[in-house]
Q: 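Below is a structure I'd like to ask you about.
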Amino acid sequence: MAVRPGLWPALLGIVLAAWLRGSGAQQSATVANPVPGANPDLLPHFLVEPGDVYIVKNKPVLLVCKATPATQIFFKCNGEWVRQVDHVIERSTDGSSGLPAMEVRINVSRQQVEKVFGLEEYWCQCVAWSSSGTTKSQKAYIRIAYLRKNFEQEPLAKEVSLEQGIVLPCRPPEGSPPAEVEWLRNEDPVDPTLDPNVYITREHSLVVRQARLADTANYTCVAKNIVARRRSASAAVIVYVNGGWSTWTEWSVCSASCGRGWQKRSRSCTNPAPLNGGAFCEGQNVQKTACATLCPVDGSWSPWSKWSACGLDCTHWRSRECSDPAPRNGGEECQGSDLDTRNCTSDLCVHTASGPEDVALYVGLIAVAVCLVLLLLVLVLVYCRKKEGLDSDVADSSILTSGFQPVSIKPSKADNPHLLTIQPDLSTTTTTYQGSLCPRQDGPSPKFQLTNGHLLSPLGGGRHTLHHGSPTSEAEDFVSRLSTQNYFRSLPRGTSNMAYGTFNFLGGRLMIPNTGISLLIPPDTIPRGKIYEVYLTLHKPEDVRLPLAGCQTLLSPIVSCGPPGVLLTRPVILTMDHCGEPSPDSWSLRLKKQSCEGSWEDVLHLGEEAPSHLYYCQLEASACFVFTEQLGRFALVGEALSVAAAKRLKLLLFAPLACTSLEYSIRAYCLHDTRDALKEVVQLEKQLGGQLIQEPRVLHFKDSYHNLRLSIHDMPSSLWKSKLLVSYQEIPFYHIWSGPQQYLHCTFTLERASPSTSDLACKVWVWQVEGDGQSFNINFNITKDTRFAELLALESEGGVPALVGPSAFKIPFLIRQKIISSLDPPCSRGADWRTLAQKLHLDSHLSFFASKPSPTAMMLNLWEARHFPNGNLSQLAAAVAGLGQPDAGLFTVSEAEC
């Protein structure tokens with residue numbers, strides 16, 4: 001049937017309407033709608049379908065459809081038909097089938113897409129007709145491409161030591177399509193396939209497994225997509241090398257060729273040499289010592305002897321010896337003859353014939369010769385003995401040994417009325433500690449001497465407590481004496497973070513108030529007859545370079561106790577707080593100790609302790625108790641085994657006590673949840689004149705590489721406004737996890753509408769991205785509200801920082817001895833120290849206690865460390881009494897025994 005040309009538009013409209021009614025639910029896949037009774041092989045099929053495209057800037061995009069056999073093809077975009085005039089149609093014949101083919105193209109502009117922006121995505125679809133039906137193409141989505149200018153997180157400059165890990169975070173700007181990230185090192189691309197020491201994480205962070213000197217460079221994060229290419233600010237990474245000493249050279253020749261002089265040896269800071277700002281070697285590069293060289297002595301003649309009698313030959317003679325002095329040590333011999341002969345008759349001598357008188361003369365001459373020989377032998381012997389005596393005098397002279405004498409540090413105690421006097425052990429002789437403060441490989445060891453004297457005068461029955469009448473002067477004197485030793489040059493020069501005292505076999509305790517740090521010296525730890533001056537010091541992490549590798553983080557304060565090298569007969573217990581959430585599946589915890597050379601060593605891996613080890617650690621929720629028989633510098637370090645590993649952070653909000661201007665600041669602190677970190681912040685805020693404005697909160701900060709964010713909200717806009725230009729402040733993850741500071745803070749600066757505005761109501765949010773968070777609801781009067789001021793009042797911990805003897809322990813000494821003697825021997829009924837360990841919840845440490853000579857003493861020492869000064873002695877008594885010991889009077893002591 002022929003159709004007139006004028007009827008084609010009407011017929012097409014009817015077909016399109018029918019198609020719309022039957023295909024409203026079709027989606028992106030190619031769909032065919034055959035006409036009933038028609039040949040399905042003649043349905044249109046697409047040779048080219050439109051694909052997803054991006055509009056770059058203002059350039060329109062071209063969509064193309066091609067189908068065969070097809071009589072008509074039209075585009076439909078977001079449910080609406082594209083006008084026919086916007087189609088570019090090209091008809092052809094398919095070369096393979098000989099069927100008619102049609103190709104249609106349309107342009108889509110940015111304006112068309114922006115009309116529906118935000119409502120739904122813009123899409124287009126082709127519809128092809130033939131005499132057998134219709135077919136739809138897949139949907140093509142048209143999106144506007146963009147790339148914002150500002151990076152969400154840029155890499156930060158770092159200084160790391162050689163072989164330490166480096167992580168440079170980068171979060172690219174938001175974009176469509178999402179930006180691809182690459183890294184530049186000094187403008188050269190970083191290719192992880194060529195350098196196995198480098199890799200890029202899924203979060204686009206650049207990780208260097210072990211820093212090398214060649215890794216010192218400027219690193220730039222580059223983000224790019226089809227629209228633009230963005231560069232972050234360059235981060236300068238400096239890999240430094242700390243210097244190390246070379247070996248000592250040989251001693252030089254003595255400076256004086258005769259007599260006393262000096263000789264020296266040297267070493268250089270070249271093994272390795274410090275690079276890129278690394279620390280220079282500590283200690284001296286030159287050593288001097290006294291020396292003495294024997295001076296040469298030239299020989300000199302003794303006075304002439306008397307003239308001999310006139311001989312038959314009319315001559316007499318005299319002699320002298322080269323012995324005044326005799327030549328020695330390479331000196332020159334005497335010049336001239338030792339015998340002088342002259343005529344004794346003024347040359348009027350008359351010779352007579354030989355006879356009996358001549359024989360007598362010859363015999364006399366022979367006798368004289370023999371006497372002279374004997375005299376010469378005697379003189380030689382005298383000379384040799386005198387020479388040996390001179391040599392021995394020089395060898396024993398202090399000139400030769402004065403340069404090698406040990407240096408003694410003798411604290412002046414005679415005029416100090418504040419030192420403790422303790423009851424002496426009269427059965428032993430008091431000796432002086434002569435051990436090395438720090439064993440070294442070079443030179444003689446300095447000695448730390450303590451003399452007896454009034455230190456051993458009896459006290460009577462009073463409390464043995466070390467009181468400091470003038471703590472500042474005594475501490476400064478103590479620190480100045482210790483600072484003469486190389487190992488103690490890094491001790492803090494203040495007294496607020498140091499405790500010290502003098503102890504003997506009775507033991508005692510040192511505490512740094514308000515820090516949770518203490519050192520328990522059990523009885524008989526110091527050998528009887530010895531007296532040690534012991535110190536306990538808290539260091540700031542930024543003052544002591546503690547190298548951390550990989551995912552390691554510092555969980556405790558860095559604490560020194562000493563002097564190192566002293567002889568201890570049983571472990572002392574060092575107590576300090578930690579901020580880790582203990583979980584054996586999330587953490588690998590290690591106790592680190594600094595050697596005398598300054599390097600840090602892992603001395604204990606918690607969970608893998610050997611019972612006979614020199615170190616042991618009892619880890620509790622917020623504190624650790626370290627058993628050690630060697631004093632030194634310690635720190636607890638954790639390495640995250642999973643992203644569930646978390647550190648406890650304490651969150652504090654401070655504000656000024658008085659406000660005289662329109663500006664008002666709120667300081668938000670994030671610090672380790674340890675008492676020493678809290679003490680430092682409180683002391684700082686006291687100096688700044690700040691007050692606490694909300695109760696502290698605890699946040700669990702996980703090892704997820706996500707930063708910490710802080711923001712302020714919900715302020716009445718009519719009374720207050722924030723001067724912060726961004727929606728939140730951010731503290732980088734690595735500043736908290738691996739940084740040297742124990743606390744970090746951000747400041748929110750607010751401005752009130754008028755000086756009369758004094759009521760502040762707002763919310764402060766602190767949260768880790770994709771992690772834990774806390775919210776502070778602030779509502780107070782800035783001029784007179786101080787209700788939170790007493791929450792952080794620093795209280796004294798047990799009085800003075802040093803306790804000596806019985807006053808340092810909760811358990812009386814005689815009762816302690818009774819418990820030990822009763823529970824140490826094994827008991828068939830189980831009433832021994834093992835049962836006590838179960839009652840005190842210490843049964844997980846049985847192997848450690850069993851390795852010690854007195855397991856009960858170890859448990860009681862740990863109880864003392866955990867419960868001083870507020871321990872409940874009655875609970876311990878009930879635990880011991882519940883063991884069923886036949887001696888019911890363990891906790892009773894007679895007045896005579898006291």
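Source: prediction; values computed, not measured.
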Q: With side chain to side chain contact (heavy atoms under 4.5 Å, CB included) as the criterion, how do Val208 and Asn197 come out once you've worked through the C-alpha distance, each side chain's angles and the decisive distance to 0.1 Å?
A: CA-CA 6 Å; Val208 180; Asn197 193 44; 3.4 Å; yes
Q: Quickly, which of Ile166, Thr201, Leu168 forms a side chain to side chain contact (heavy atoms under 4.5 Å, CB included) with Leu206? Name it, please.
A: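 The option that passes is Leu168.
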Q: Looking at Ile736, Asp772, Leu744, which hits side chain to side chain contact (heavy atoms under 4.5 Å, CB included) with Leu649?
A: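 With Leu649 as partner, side chain to side chain contact (heavy atoms under 4.5 Å, CB included) holds for just one option, Ile736.
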Q: Tyr705 vs Tyr734 aromatic rings, parallel, tilted or perpendicular, using cut-offs 30° and 60°?
A: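 Rings of Tyr705 and Tyr734: tilted, as their planes differ by 30° to 60°.
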Q: Taking the two cysteines Cys617 and Cys624, do their sulfur (SG) atoms come closer than 2.5 angstrom to each other?
A: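 No, because the SG atoms of Cys624 and Cys617 are not under 2.5 Å apart, which misses the disulfide cut-off.
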Q: Set out, in order, the CA-CA distance, both residues' side-chain angles and the distance that settles side chain to side chain contact (heavy atoms under 4.5 Å, CB included) for Asn276 and Leu213, then state yes or no.
A: CA-CA 9 Å; Asn276 300 333; Leu213 289 177; 4.2 Å; yes
Q: Is the number of heavy atoms from other residues, nucleotides or ligands within 6.0 Å of CH2 (Trp600) greater than 12?
A: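 Yes, CH2 of Trp600 has more than 12 neighbouring heavy atoms, counting only those of other groups under 6.0 Å.
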Q: So for atom NZ, which belongs to Lys592, do other residues, nucleotides or ligands contribute more than 12 heavy atoms lying within a distance under 6.0 Å?
A: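 Yes, the 6.0 Å shell around NZ holds more than 12 heavy atoms from other groups.
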Q: So which heavy atom on Ala668 is nearest to which on Leu653, and how close?
A: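 The pair with the smallest heavy-atom distance is CB-CD2, 3.5 Å.
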Q: Classify the ring geometry between His713 and Trp765 as parallel (under 30°), tilted (30 to 60°) or perpendicular (over 60°).
A: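 Because their plane-to-plane angle lies in the 30° to 60° range, the rings of His713 and Trp765 count as tilted.
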Q: With under 30° as parallel and over 60° as perpendicular, where do the rings of Phe280 and Trp245 fit, or are they tilted in between?
A: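 Ring orientation, 0 to 90° scale: perpendicular.
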Q: Flag this pair as yes if the NZ/CZ of Arg230 is under 6.0 angstrom from the six-membered ring centre of Phe151 and inside a 45 degree cone about the axis; otherwise no.
A: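 Checked: cation-pi criterion not met.
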Q: Set out, in order, the CA-CA distance, both residues' side-chain angles and the distance that settles side chain to side chain contact (heavy atoms under 4.5 Å, CB included) for Glu685 and Tyr669, then state yes or no.
A: CA-CA 11 Å; Glu685 280 296 328; Tyr669 288 87; 2.4 Å; yes
Q: Does atom CD of Glu180 have more than 12 heavy-atom neighbours, drawn from other residues, nucleotides or ligands, at distances under 6.0 Å?
A: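 No, not enclosed.
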Q: Please walk me through it: do Arg648 and His700 pass side chain to side chain contact (heavy atoms under 4.5 Å, CB included)?
A: CA-CA 5 Å; Arg648 295 190 315 276; His700 293 86; 4.1 Å; yes
Q: Using 0.5 Å steps for rounding, measure from the OG atom of Ser556 to the NE2 atom of His578.
A: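 It comes to 9.0 Å.
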Q: To the nearest 0.5 angstrom, please state how far the CG atom of Leu604 sits from the CG atom of Leu589.
A: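 Interatomic distance, Leu604 CG to Leu589 CG, rounded to 0.5 Å: 10.0 Å.
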